[in-house]
Amino acid sequence: MGRLKIQPGINAIEEEPEDCEHTPTKGALACMVNSEIGAVLAVMRRNVRWGGRYMAGDDQLEHSLIQSLKSLRKQIFSWQHQWNTINPVLYLQPFLDVVRSDETGAPITGVALSSVYKILSLDVIDLDTVNVEDAMHLVVDAVTSCRFEVTDPASEEVVLMKILQVLLACMKSKAAIVLSNQHVCTIVNTCFRVVHQAGAKGELLQRIARHTMHELVRCIFSHLPNVDNREGSLANGNASASKQEFGGVHKDAGSKQLDNGNSSSEFDGQPPSFGFASTAYANSVESITTENTIGTINDKEASPDDLLLMTEPYGVPCMVEIFHFLCSLLNIIEHIGMGPRSNTIAFDEDVPLFALGLINSAIELGGPSISQHPKLLALIQDELFRNLMQFGLSMSPLILSMVCSIVLNLYHHLRTELKLQLEAFFSCVVLRLAQSRLGASYQQQEVAMEALVDFCRQKTFMVEMYANLDCDITCSNVFEDLANLLSKSAFPVNCPLSAMHILSLDGLIAVIQGMAERIGNESHVSEQGPVDFEEYTPFWTVKCENYADTNHWVPFVRRRKYIKRRLMIGADHFNRDPKKGLEFLQGTHLLPDKLDPQSVACFFRYTAGLDKNLVGDFLGNHDEFCVQVLHEFAGTFDFQDMNLDTALRLFLETFRLPGESQKIQRVLEAFSERYYVQSPHILVNKDAALLLSYSIIMLNTDQHNVQVKKKMTEEDFIRNNRHINGGSDLPREFLSELYHSICKNEIRTIPEQGVGFPEMTPSRWVDLMRKSKKTSPFIVSDSRAFLDHDMFAIMSGPTIAAISVVFDHAEHEEVFQTCVDGFLAVAKISACHHLEDVLDDLVVSLCKFTTLLNPSSIEEPVLAFGDDAKARMATITVFTIANRYGNYIRSGWRNILDCILRLHKLGLLPARVASDVADDSELSSEPGHGKPVTSSLFASQMPSMGTPRRSSGLMGRFSQLLSLDTEEPRSQPTEQQLQAHQRTLQTIQNCHIDSIFTESKFLQSDSLLQLARALIWAAGRPQKGNTSPEDEDTAVFCLELLIAITLNNRDRIVLLWQGVYEHICSIVQSTVMPCALVEKAVFGLLRICQRLLPYKENLADELLRSLQLVLKLDARVADAYCENITQEVMRLVKANATHIRSQMGWRTITALLSITARHPEASEAGFEALTFIMSDGVHLSPANYILSVDAARQFAESRVGQADRSLRALDLMEGSLACLARWSRETKEAAGEEAATKVSLDIGEMWLRLVQGLRKVCLDQREDIRTHALLSLQRCLMGVEDLSLPHALWLQCFDLVIFTMLDDLLEIAQGHSPKDYRNMEGTLVLAMKLLSKVFLQLLPDLSQLTAFCKLWLGVLSRMEKYMKAKVRGKKSEKLQELVPELLKNTLFVMRTRGVLAQRGALGSDSLWELTWLHVNNIAPSLQSEVFPDQGIEQSHPEQGIFSESPESEGTEGVRT
């Protein structure tokens, strides 16, 4: 019950009542009472009246007051029982008699009151005490009826203080709950009257009286949560109850007077007044205190139930009475008949502040329980809030502050019952006052803004405003207006930053942080797609099934917001062209395809922002459809039990009354019809309503038009309205009231359009109370982020702008920190709700504050950065956002990269920002030609020529500062410079810039792609010719980063590859001289291929094709890096040979290797790679066979390096034949006949390319190479048993390989100097042997071919040529011997095989004839040797050409 233990000496007793040792014994209590009796008697004896012998009459020796005290003194020591079994009336009555007596003076009454207070504070009287109810009632009645003589002002004030003390003790007593409603009302009433009286007394009494009043209200309303909900309230509708004094002592209870007998009474005589009030004010208060005495109505009005309620133990009825009384204190302005702004602040503040403070206490303690008691709630909803709206516009900051505190309490406890009231408060008070352009003083603005920020700190406030008001078509967009207000108020426009700006920022950031905190509470509802209406639904009928269930209300409010937005767009169209506006709404299915009057009427009624002139013209139109719309429009108003002028005001606020009389007639007819249906009252028909409405409009024009000089009087108005009510007159009072209402308050027939925020007029308040009964339930939001996406989309732009401007203007670190917190919260929300554009805007805004993007004109930018706290905080914030929320950054990467590049140029980045996840061992590389390749391709950084520096890492910058340059002597850096540097380094360390790239594998695809594009953009387009060292440094650095993220994202290489490849391509194509950039590009490309080939088989061709760029390098560039490139290619081949499967891929690899064959430094590595591919045939495949053989041929032909390598190359070529044999065997075993045939064709083609390659090497200048090549060729031609080569292929082989080789060798032998080609004779001999051997081996197969004759003649013609060949100018003896021998052998074999034989008459067998024709040219004697059976005569005459015939040699040869 909220008891206040006043006397410290008794505290200990009360804290442990169970402990007998601390409880006063019966005797102790008797002694205490005895001492109080003694005190009262002592003071009485000092007075002359009481001090002498009492002579009033013979029957009494002493006055009854003294007698009763002495009598009590006799009894107290004789009571044997516990004190709680003794009736308290026995020991209280003598004291109370003294208090009531009008014969006692102030000192005596004061001591008696002290005695009563002491007895109450002993806690002797509690609920267990006998007759406690009567005792408590008796105390209250006696003290509130206290009478005494006033001897001097000081003693009077003391008595009044004691009265307050005793009444408060009564309310705080354990037995207080037995007090009736009536007694509680009497206590409060008495206290208020003391407050009232204290205005003319001392300051101390005023303070104590007000404090007591506060304590009483707190004590009473703290009881509300414990009151049984079923406890009755007053039966009649008035908020006043009958007052009946306990025991029926005073009938004139309305003005309790404490008579003093002769001088002046407390409440009588002089008019009561408060300290600062004027006479008018005092009189008004007096009228309130007499008219609004708590718990008073005439006995005639009091129902028996009311009387009964007031005598029951106190509860809701007395609270209703007290609360109503407190609200009535706020009506003082109405009583005076003046606006709050026309008085001084002193006048303004006193009573309202006192009343508002009491009301605030009542609400704080009553809390949510108030909503369970309809009468109390109704008082708050209507009377209290109406007054709060009025006092909210007070010039006094104190009053405004108190009003805002009350509204905040009401929001906390009762917001579900105050939806429209809260809307009105924010629209008409907070939003009006918080903007200077609407005439509010700076103090008012500040208080209003502080209040708004307090509301913003309530986590669910903005969400609930949005859900309940912004998403309701009948309400204003309070959330949007408040958010705009906060962001605008934070902007310092042409002025320094003030406390108001920071305050607004706090509110804005409180809202944003509330959203950010909700993100973690639960995964927010999946973002729903845009709401759309597929068919027409009457938008004003959209309902929610369950306002408590988020699954229902969240989609519902989103749908309502969609409707509201569409209606606003429709209104915009309508204002430009009414027809197009309606068509637009039909297109969005908010109006039906065929317009009906009701839907158009509802559009006019519920859509904000419509041009009221156009609406008025439409409604006044004579067109039948427009007339129907007008009547439907009137039907949307609720005029039930409303005054005619109020109804007319509300009606005409919604549009501008047209100027034409016919239109006015139609409009007023519709209005009158609706009004008469709902509120007939004294009107007999609708015509009476129409005539009176017309008359009111005319009066309004007459009274408020400046051009009308002679104004209509009240009599004129009454006379004008005679006999309009069905032939009879309306009551004079009724018309008089209307007249004064219109005179005092104009009906605005030209409504305000878009001028700030509305003013709360009495008619609007009546309308608001009507709407509040019908409005949809208040949606209570929880801590989940259901609507944050929609809300944040509305406020994000202005919020970022506001925080940025404050951050820009701020100079104190705490403000910086506030802004940074705001930035991070915005980033978190943007990321969570996938608002990439917002995050980009934020990044762009923040990057400006890093000062890193400013063109640096400062001599020491590093020091300047170290001294600039704002820049450092902004930089850390940018990189914090990039690391935390990089997934949702898009175009913002460009700005972030600009910052990184600036840090790079200043040498402030860690040495390995661009490092990737590979092991260092994998990155090592041998020093190359020209510029060395660094051990980590990403560790090197080009020092900027503009800024000389020794080291590019963080510590390098630091050590540079500490070092002393010997060439340019400098002074030792100061302590401040060292600290600035240290701060700079610490800041960069805290940014974790490297994480952006090393952790890029966790970025979402879209963000990663944008990061890569930003790097390419930042690097700039490579230019042919001269670029500045600084630009090249930047390009190199960007390329390093690009390659790092490419390698880090091997799983998503497809995403990045195109851009990376094109960038490297542009670098390669535009570079004509060796430089760091092209080096990075080429080796980066090779590394990407090395690293990714094992993982991306589907991309292998693409990756390998990219290496063709290397082939396009400018000759000078290629030459500079050839060795290193080759080593990288070798590594690639060794690591990934098994992953290169396509011919295209191998073509690129072998092309790269082939180029190296003639490069002195690179050829060794190139040949090593080729050897790896070809040796043992492990990595040879049909895809790379021909390419590898061709590359090996180029190495064989190359004269770079030792001849041994050429020989090894030939061995590789020869060894590859085994591969062909193996593939042929495997195919036969695995595949069918058809497949085997196809493969054998492919293998034949490969073999043919092999021998063609060897043929070319057979023409080499070097003798040992030629010889080796010829032998290898011979082995490759003869070792083909397993290949199943088609016979036709051999014809090609003879033509393309053997015959061509023989011809070419002969031509070389005859046409070149022996110095160039040593021992060509030996080569020719070998070649001729090769021809013979191959021909003989293949003879069985070749002889079957139709073209055998031609082939054979080709063999013969070569033998003939070699026979005649001249080497060094003379015929070769070796050939002269060898050729006939070989021919003879061949002929013998052909004869043996039956290939060469005479088959017919002379002239019919061409093979036979042509053979001998050639043979005779070579060795005429051979025919007789080979075919001795044939006669010589059969041979041709030409056979006698040769003179020599080695017959014996030929015979021997054949025999062997």
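Computed from a prediction, not measured in an experiment: that's the story for all the values here.
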Side-chain donor-acceptor pair under 3.5 Å between [X] and [Y], yes or no?
{"X": "Ser476", "Y": "Glu423", "value": "yes"}
{"X": "Lys686", "Y": "Ser672", "value": "no"}
{"X": "Lys419", "Y": "Ser776", "value": "yes"}
{"X": "Ser695", "Y": "Asn721", "value": "yes"}
{"X": "Gln665", "Y": "Glu669", "value": "yes"}
{"X": "His740", "Y": "Glu714", "value": "yes"}
{"X": "His622", "Y": "Gln662", "value": "no"}

Original post:
Going through the distances and angles, do Asn331 and Ser328 end up as a side-chain hydrogen bond (donor to acceptor under 3.5 Å, both in side chains)?
Top reply: CA-CA 5 Å; Asn331 293 334; Ser328 71; 5.7 Å; no

Can you see which heavy atom on [X] is nearest to which on [Y], and at what distance?
{"X": "Ile473", "Y": "Trp540", "value": "CD1-CA, 4.2 Å"}
{"X": "Gln444", "Y": "Ser394", "value": "NE2-O, 2.8 Å"}
{"X": "Gln586", "Y": "Pro592", "value": "NE2-O, 3.0 Å"}
{"X": "Tyr411", "Y": "Leu422", "value": "CD1-CD1, 4.0 Å"}
{"X": "Phe651", "Y": "Val667", "value": "CE2-CG1, 3.6 Å"}
{"X": "Gln640", "Y": "Ser679", "value": "C-OG, 3.4 Å"}

Salt bridge flag under 4.0 Å for residues [X] and [Y]:
{"X": "Asp470", "Y": "Lys564", "result": "no"}
{"X": "Lys774", "Y": "Asp638", "result": "yes"}
{"X": "Asp716", "Y": "Arg719", "result": "yes"}
{"X": "Glu653", "Y": "Arg764", "result": "yes"}

Would you call [X] and [Y] a side-chain contact if the rule is heavy atoms closer than 4.5 Å?
{"X": "Phe633", "Y": "Pro597", "value": "no"}
{"X": "Trp765", "Y": "Asp382", "value": "yes"}
{"X": "Phe323", "Y": "Leu384", "value": "yes"}
{"X": "Leu735", "Y": "Arg732", "value": "no"}
{"X": "Met389", "Y": "Phe425", "value": "yes"}
{"X": "Leu768", "Y": "Met760", "value": "yes"}
{"X": "Tyr466", "Y": "Asn477", "value": "no"}
{"X": "Tyr606", "Y": "Thr636", "value": "yes"}

Original post:
Given Phe734 and Leu738, is the side chain to side chain contact (heavy atoms under 4.5 Å, CB included) satisfied, shown in steps?
Top reply: CA-CA 6 Å; Phe734 174 72; Leu738 280 178; 3.9 Å; yes

For the side chain of [X] and the backbone of [Y], is there at least one donor-acceptor N/O pair under 3.5 Å apart?
{"X": "Gln435", "Y": "Leu431", "value": "yes"}
{"X": "Asn575", "Y": "Asp611", "value": "yes"}
{"X": "Lys711", "Y": "Asp702", "value": "yes"}
{"X": "Ser772", "Y": "Met769", "value": "yes"}
{"X": "Asn484", "Y": "Glu480", "value": "yes"}
{"X": "Ser728", "Y": "Asn725", "value": "yes"}
{"X": "Arg722", "Y": "Asp729", "value": "no"}
{"X": "Arg566", "Y": "His589", "value": "no"}
{"X": "Asn700", "Y": "Ile747", "value": "yes"}
{"X": "Asp596", "Y": "Ser599", "value": "yes"}

**OP:** Hey, can you tell me if Tyr739 and Phe717 have their rings parallel, tilted or perpendicular (30° and 60° cut-offs)?
**Re:** tilted

**OP:** Look at the rings of Phe639 and Tyr675 and say which category their plane angle falls in: under 30° parallel, 30 to 60° tilted, over 60° perpendicular.
**Re:** tilted

**OP:** Applying ring pair (Phe, Tyr, Trp, His ring centres under 6.0 Å), run through Phe426 and Phe455 and close with a yes or a no.
**Re:** CA-CA 11 Å; Phe426 285 107; Phe455 275 99; 4.9 Å; yes

Mind checking the [atom1]-[atom2] spacing from [X] to [Y]? Nearest 0.5 Å is all I need.
{"X": "Leu657", "Y": "Arg748", "atom1": "CG", "atom2": "CZ", "answer": "15.5 Å"}
{"X": "Leu329", "Y": "Ile359", "atom1": "CG", "atom2": "CD1", "answer": "7.5 Å"}
{"X": "Thr646", "Y": "Leu650", "atom1": "OG1", "atom2": "CG", "answer": "7.0 Å"}
{"X": "Leu420", "Y": "Leu469", "atom1": "CG", "atom2": "CG", "answer": "7.5 Å"}
{"X": "Ile742", "Y": "Leu648", "atom1": "CD1", "atom2": "CG", "answer": "7.0 Å"}
{"X": "Met698", "Y": "Ser693", "atom1": "CE", "atom2": "OG", "answer": "13.0 Å"}

Subject >> Atom CD of Glu746: over 12 foreign heavy atoms under 6.0 Å >> reply: yes

**OP:** For residues Phe604 and Phe574, establish whether the separation of their ring centroids is below 6.0 Å.
**Re:** yes

Subject >> Close aromatic pair by centroid cut-off 6.0 Å: Phe655 and Phe618 >> reply: no

Subject >> Lys/Arg cation over aromatic Tyr562: Arg565, 6.0 Å, 45° cone >> reply: no

